[in-house]
Amino acid sequence: MSANIALVDDDRNILTSVSIAMQAEGYVTRIYSDGETALKALLENPADLGIFDIKMPRMDGLELLRRLREKSDMPVIFLTSKDEELDEALGLAMGADDYITKPFSQRLLIARVKAILRRATYDKAIVNGEAGSEPEPMKRGNLEMDPARHQVKWDGRSLMLTVTEFMILEALAIRPGVVRTRDQLMDAAYQDDVYVDDRTIDSHIKRLRRKFREIDPEFTAIDTLYGAGYRFADS
């Protein structure tokens, strides 16, 4: 059965282009031009995943997510502008699953949708006792990662990571000391055949370091090896 995607944005061009791209992948789309209308519809008939703009009239994406989270755990991807980092952090803390900065590649958005729907399907299987063996939690020094629950802790304190950030960190931490090239990290984070340039991975690494340093200013576990890539050092 095709997944149902709710698109909420006050930009008609974005609604149209994203809807066409999603339908080409076999998804069913429902489009809304403001958060207030979307909230009423989604509380009555939840979608499998939502793609929300943050800045909208009548009700913005953050308030829409807050109200939805009172009754629904529907996965949500935010579409943000480059100057909305505080909104991104708040959205993740409120339960958003990922965010993509405008302007964005349709192929990249589709890859994120597929990754999040895969995880949501697995989470439901765990709840229903149908998932078989869960991925084992991983501990590397002060780092703890639980892939089945998408949870990360550093020295006992939780971090809020996007799906992309989680996958990059997992690819680094699974073999401490081993250098991962940018291409390898792209494969781990995006999986599908999606082109992203080197600067995209560098930006994710920068965000990861910043998030760790917010709870541990002495964090140095992600090393840069210039011309080679990155590695995780758990000592």
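Side chains included, hydrogens not; waters and symmetry mates left out as well; all remaining heavy atoms used.
Residues Ile5 and Val28 form no side-chain contact, since every pair of their non-hydrogen atoms from C-beta on lies 4.5 Å or further apart. Between Arg210 and Arg213 the shortest side-chain heavy-atom distance does not fall below 4.5 Å. No side-chain heavy atom of Tyr32 sits less than 4.5 Å from a side-chain heavy atom of Leu64. Between Lys153 and Met145 there is no side-chain heavy-atom pair separated by less than 4.5 Å. Looking at heavy atoms from C-beta onward, Tyr230 lies in side-chain contact with Leu172 at the 4.5 angstrom threshold. With a 4.5 Å cut-off on side-chain heavy atoms, Arg12 and Ile31 count as touching. In this structure, the side chains of Leu39 and Met59 come closer than 4.5 Å at one or more pairs of heavy atoms. The side-chain heavy atoms of Gln151 and Ser158, taken from C-beta on, include no pair separated by under 4.5 Å.
Nearest heavy-atom pair, Ala41 versus Arg30, reported as atom, atom and distance to 0.1 Å: O-NH2, 3.8 Å. Shortest non-hydrogen contact noted between Asp34 and Pro57 is CB-O, 3.8 Å. In this structure, Ile168 and Leu185 approach most closely via the heavy-atom pair O-CD2, 4.1 Å. Shown here for Leu42 and Ala6, the closest heavy-atom pair between the two residues is CD2-CB, 3.7 Å. The shortest heavy-atom contact between Ile174 and Met138 is CA-SD, 3.7 Å. Shown here for Arg231 and Val178, the closest heavy-atom pair between the two residues is CB-O, 3.4 Å.
One distance of note links OG1 of Thr80 with CD1 of Ile100; it measures 9.0 Å at 0.5 Å rounding. Rounded to the nearest 0.5 Å, atoms CD (Glu170) and CG (Asp146) are 10.0 Å apart. The structure places CD1 of Ile205 at 7.5 Å from OG1 of Thr224, a figure rounded to the nearest 0.5 Å. Remark: Thr101 OG1 to Phe78 CZ distance equals 13.0 Å, nearest 0.5 Å. Atom CD of residue Glu25 and atom CD1 of residue Ile20 lie 13.5 Å apart, to the nearest 0.5 angstrom. In this structure, CD in Glu70 is found 8.5 Å from CG in Leu43, a value given to the nearest 0.5 Å.
A donor-acceptor contact shorter than 3.5 Å links the side chain of Arg69 to the backbone of Ser72. Formation of a donor-acceptor pair under 3.5 Å by the Ser105 side chain with backbone atoms of Arg107 is found in this model. Between the side chain of Arg157 and the backbone N or O of Ile215, at least one donor-acceptor pair lies under 3.5 Å. Put simply, the side chain of Gln184 gets close to the backbone of Thr181: a donor and an acceptor are under 3.5 Å apart. The backbone N or O of Ala171 sits less than 3.5 Å from a side-chain atom of Arg180, completing a donor-acceptor pair. The backbone N or O of Asp48 sits nowhere less than 3.5 Å from a side-chain atom of Asn4 that would complete a donor-acceptor pair. Arg209 places a side-chain N or O within donor-acceptor distance of the main-chain N or O of Ile222, the cut-off being under 3.5 Å.
For Glu144 and Arg140, the salt-bridge test fails: no basic side-chain N is under 4.0 Å from an acidic carboxylate O. The residues Lys40 and Glu36 are annotated as not salt-bridged, no charged nitrogen and carboxylate oxygen being separated by less than 4.0 angstrom. Taking the charged nitrogens against the carboxylate oxygens, Asp10 and Arg58 have no contact shorter than 4.0 Å, which rules out a salt bridge. With respect to Lys102 and Asp53, a salt bridge is recorded, a charged nitrogen being found less than 4.0 Å from a carboxylate O.
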Apply the test side chain to side chain donor-acceptor pair (under 3.5 Å) to residues Thr16 and Asn13: give CA-CA distance (whole Å), side-chain angles for both, the deciding distance (0.1 Å), then the verdict. CA-CA 5 Å; Thr16 300; Asn13 290 331; 5.7 Å; no

Test side chain to side chain contact (heavy atoms under 4.5 Å, CB included) on Leu143 and Val152 and set out the steps. CA-CA 7 Å; Leu143 177 69; Val152 179; 3.8 Å; yes

Side chain to side chain contact (heavy atoms under 4.5 Å, CB included) between Asp9 and Phe52: does it pass, once the steps are laid out? CA-CA 6 Å; Asp9 200 308; Phe52 300 167; over 6 Å; no

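Annotation for Asp73: atom CG does not count as buried by contact number, only 12 or fewer foreign heavy atoms lying within 6.0 Å.
With sequence neighbours excluded, the residues forming a side-chain contact (heavy atoms from CB on, under 4.5 Å) with Ser17 are Gln106, listed by chain and number. When the side-chain contact (heavy atoms from CB on, under 4.5 Å) test is applied to Glu165, the partners found at least two apart in sequence or on another chain are Tyr99, Leu161, Thr162, His204, Arg207, Leu208, Lys211.
Note on ring orientation: taking the six-membered ring where Trp is involved, the planes of Phe219 and Phe212 are parallel (angle under 30°, cut-offs 30° and 60°).
The cluster map of Ile, Leu, Val, Met, Phe, Trp and Tyr, joined by side-chain heavy atoms under 4.5 Å apart, puts Leu49 and Ile14 in the same cluster.
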